[in-house]
Amino acid sequence: MLIVRTTAELDQVEPARAGKRRGRRAVVMTMGALHEGHLALVRAAREAADQVVVTVFVNPLQFDDVADLERYPRDLDADAALLEPLGVDVLYAPSVADVYPGGRPIVTVSAGAINDVFEGEHRRGHFDGVLTVVLKLMHLTRPDVAYFGQKDAQQVIAIRTMCRDLNVPVGVAVVPTVRDGDGLALSSRNAHLSAGERADALVLSRALAEAQQVLDEGGPLSLALTVARAVVAQVPSVVPDYIGAMDPVSAAPVGGDYRGDVVIAVAARVGGTRLIDNVVTRVGPREGVA
Ligand code: PAF
C-alpha cells in the first residue's frame, strides 16, 4: 500500500493523467479513526474495483464546533495498519494546508435545502463542508465509484444529489450500517463514550427497531415516530436533537400518512458525544406485495 501525503505525490501515482490505461477505481473517503464500518466500505470497494484509494482527511470545513474538530481522534499509523491487509492500493492522507492551500476556499458547494433539515439544521454549514471536500477529493482521486456508509443517510442523499445536479461522473455506492452485537451503530465518536453512556446509547437503535416493527405490522409513520420518541424518552441522559422521517431521495421531512420508502433518523447527545443512527424502511406494502 502506497501512503501518499500530498496532492503533488498523488499526481505522480495517477497513471490516467499520464495517458496510461487503468482499471476501475474506487475511493473510500474517511476522516480516519477507522473501525469495522469503514473496513466494510473498503472490502466492498476491493471486491468491485481494480484499484482502491482510501482517503483519510479530517475536514475542518464540515465541523460547526471547534471543540469537536479538535478532539476528533487521529492516528494514521493505526489506520494504515488496518488498511494494509485489505489490499488497499493507495492511502491518501493530505494535510489541511495541502487540501486548502489558500485557507478556507472562496468557492464552495452548497447543499441547498438539504441544509435546512435534520443534520443540516442542527449543524450549520456541515453539508456544504462535506460536499466541498467530497467534490475536491473526487477531482483529486478520479474514481469511477465512491463508497459511503448508510449510517450517514443524509450525507449520502446530499452526495448523490450533488453528483446528479452537477453532473459529477462518479457512481455513489452505499454500504449498510455496521453495528456492534448489541445494536450500537459503529462510529468513530463511540470512542468518547464511557461504559455507562455506551449502555444508554443503545436506546437509539432500540427506538429505531421499535419504529420499524410498527411499520412492519402495517402501522402509520406517525405512530412509528411516536413510539421511537417514547422509547428514547425512557433514558433521560440521552437528549435527542431530532427523531424524524425523511424522504430517501430529497431528505425532505415526511410524516402523517406518508407512504413509501423512508429513512427514520435520530440524532442525540449522550453526555458530551453526539450520535446519529437511522433505519431505511418503508411505510405501506412493498412493491409486488398485496
Ligand atoms: O463521512 C465522513 O467521514 C466524511 O463526512 C467524509 C465523507 C469523509 C467527508 O469528509
Show the numbers, then the answer: is there a side-chain hydrogen bond (donor to acceptor under 3.5 Å, both in side chains) between Gln150 and Thr177?
CA-CA 5 Å; Gln150 180 58 45; Thr177 302; over 6 Å; no
Rounded to the nearest 0.5 Å, what separation is found between the [atom1] atom of [X] and the [atom2] atom of [Y]?
| X | Y | atom1 | atom2 | answer |
| --- | --- | --- | --- | --- |
| Met246 | Asn278 | CE | CG | 7.0 Å |
| Thr30 | His35 | OG1 | NE2 | 9.0 Å |
| Glu119 | Arg274 | CD | CZ | 4.0 Å |
| Asp241 | Leu275 | CG | CG | 10.5 Å |
| Tyr92 | Thr55 | OH | OG1 | 8.5 Å |
| Arg229 | Gln234 | CZ | CD | 15.0 Å |

Going by heavy atoms in the side chains, are [X] and [Y] under 4.5 Å from each other?
| X | Y | result |
| --- | --- | --- |
| Met138 | Val168 | yes |
| Arg46 | Asp89 | yes |
| Pro105 | Leu61 | yes |
| Leu91 | Val4 | no |
| Asp116 | Glu121 | no |
| Pro73 | His192 | yes |
| Met31 | Phe63 | yes |
| Glu210 | Val214 | no |

Report the C-alpha separation of Val145 and Val172 in whole Å, then their side-chain angles, then the decisive distance to 0.1 Å, and conclude whether the side-chain contact (heavy atoms from CB on, under 4.5 Å) test is met.
CA-CA 6 Å; Val145 58; Val172 175; over 6 Å; no
Using the salt bridge (charged side-chain N to carboxylate O under 4.0 Å, His left out) rule, take Arg123 and Asp64 through it: C-alpha gap first, then chi angles, then the decisive distance, then the call.
CA-CA 6 Å; Arg123 301 183 69 191; Asp64 58 336; 3.8 Å; yes
Please report the shortest heavy-atom distance between [X] and [Y], naming the atom on each side.
| X | Y | value |
| --- | --- | --- |
| Pro143 | Ala26 | CB-C, 4.4 Å |
| Ala211 | Ile264 | CB-CD1, 4.0 Å |
| Ala228 | Ile243 | CB-CG2, 3.8 Å |

Does a salt bridge link [X] with [Y], judged by any charged N lying under 4.0 Å from a carboxylate O?
| X | Y | result |
| --- | --- | --- |
| Arg43 | Glu36 | yes |
| Arg24 | Asp144 | no |
| Asp79 | Arg74 | no |

Checking Glu197 against Arg269 for the salt bridge (charged side-chain N to carboxylate O under 4.0 Å, His left out) test, could you report, in this order, the C-alpha distance in whole Å, the side-chain angles of both residues, the deciding distance, and whether it holds?
CA-CA 10 Å; Glu197 288 168 346; Arg269 287 185 190 278; over 6 Å; no
Do [X] and [Y] sit in the same hydrophobic cluster, where Ile, Leu, Val, Met, Phe, Trp and Tyr count as joined when their side-chain heavy atoms come under 4.5 Å apart?
| X | Y | value |
| --- | --- | --- |
| Leu69 | Val130 | no |
| Tyr147 | Leu83 | yes |
| Met29 | Val13 | yes |
| Leu82 | Val54 | yes |
| Leu135 | Val96 | yes |

Does Ala185 offer a backbone N or O that forms a donor-acceptor pair with the side chain of Lys151 under 3.5 Å?
no
Can any side-chain N or O of Asp200 pair as donor or acceptor with the backbone N or O of Ser237 at less than 3.5 Å?
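Not at all, since once roles are kept as given, no pair shorter than 3.5 Å links the two residues.
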Check the pair Thr7 / Asp98 against side-chain hydrogen bond (donor to acceptor under 3.5 Å, both in side chains), numbers first and verdict last.
CA-CA 7 Å; Thr7 304; Asp98 196 53; 2.6 Å; yes
Can Asp216 and Gln213 be said to form a side-chain hydrogen bond (donor to acceptor under 3.5 Å, both in side chains), step by step?
CA-CA 5 Å; Asp216 287 348; Gln213 196 181 333; over 6 Å; no
Show your working on side-chain contact (heavy atoms from CB on, under 4.5 Å) between Val279 and Val263 and close with a plain yes or no.
CA-CA 6 Å; Val279 64; Val263 180; over 6 Å; no
Test Leu184 against Arg179 for side-chain contact (heavy atoms from CB on, under 4.5 Å), laying out the working first.
CA-CA 5 Å; Leu184 186 69; Arg179 298 179 181 279; over 6 Å; no
Measure up the Tyr100 and Phe57 rings against each other and bin them: parallel (under 30°), tilted (30 to 60°), perpendicular (over 60°).
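Because their plane-to-plane angle lies in the 30° to 60° range, the rings of Tyr100 and Phe57 count as tilted.
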Over 60° means perpendicular and under 30° means parallel, so classify the ring planes of Tyr242 and His122, tilted if in between.
tilted
Surrounding CG of Asp165 (heavy atoms of other residues, nucleotides or ligands, distance under 6.0 Å), is the total greater than 12?
yes
Can you list the steps and then say if Asp257 with Leu221 is a side-chain contact (heavy atoms from CB on, under 4.5 Å)?
CA-CA 6 Å; Asp257 54 6; Leu221 182 56; over 6 Å; no
Going by the rule salt bridge (Lys or Arg N to Asp or Glu O under 4.0 Å), which residues pair with Asp247 if we only count those two or more places apart in sequence or in a different chain?
none
Please say which of Asp180, Thr273, Asn190 ends up in a side-chain hydrogen bond (donor to acceptor under 3.5 Å, both in side chains) with Arg198.
Asp180
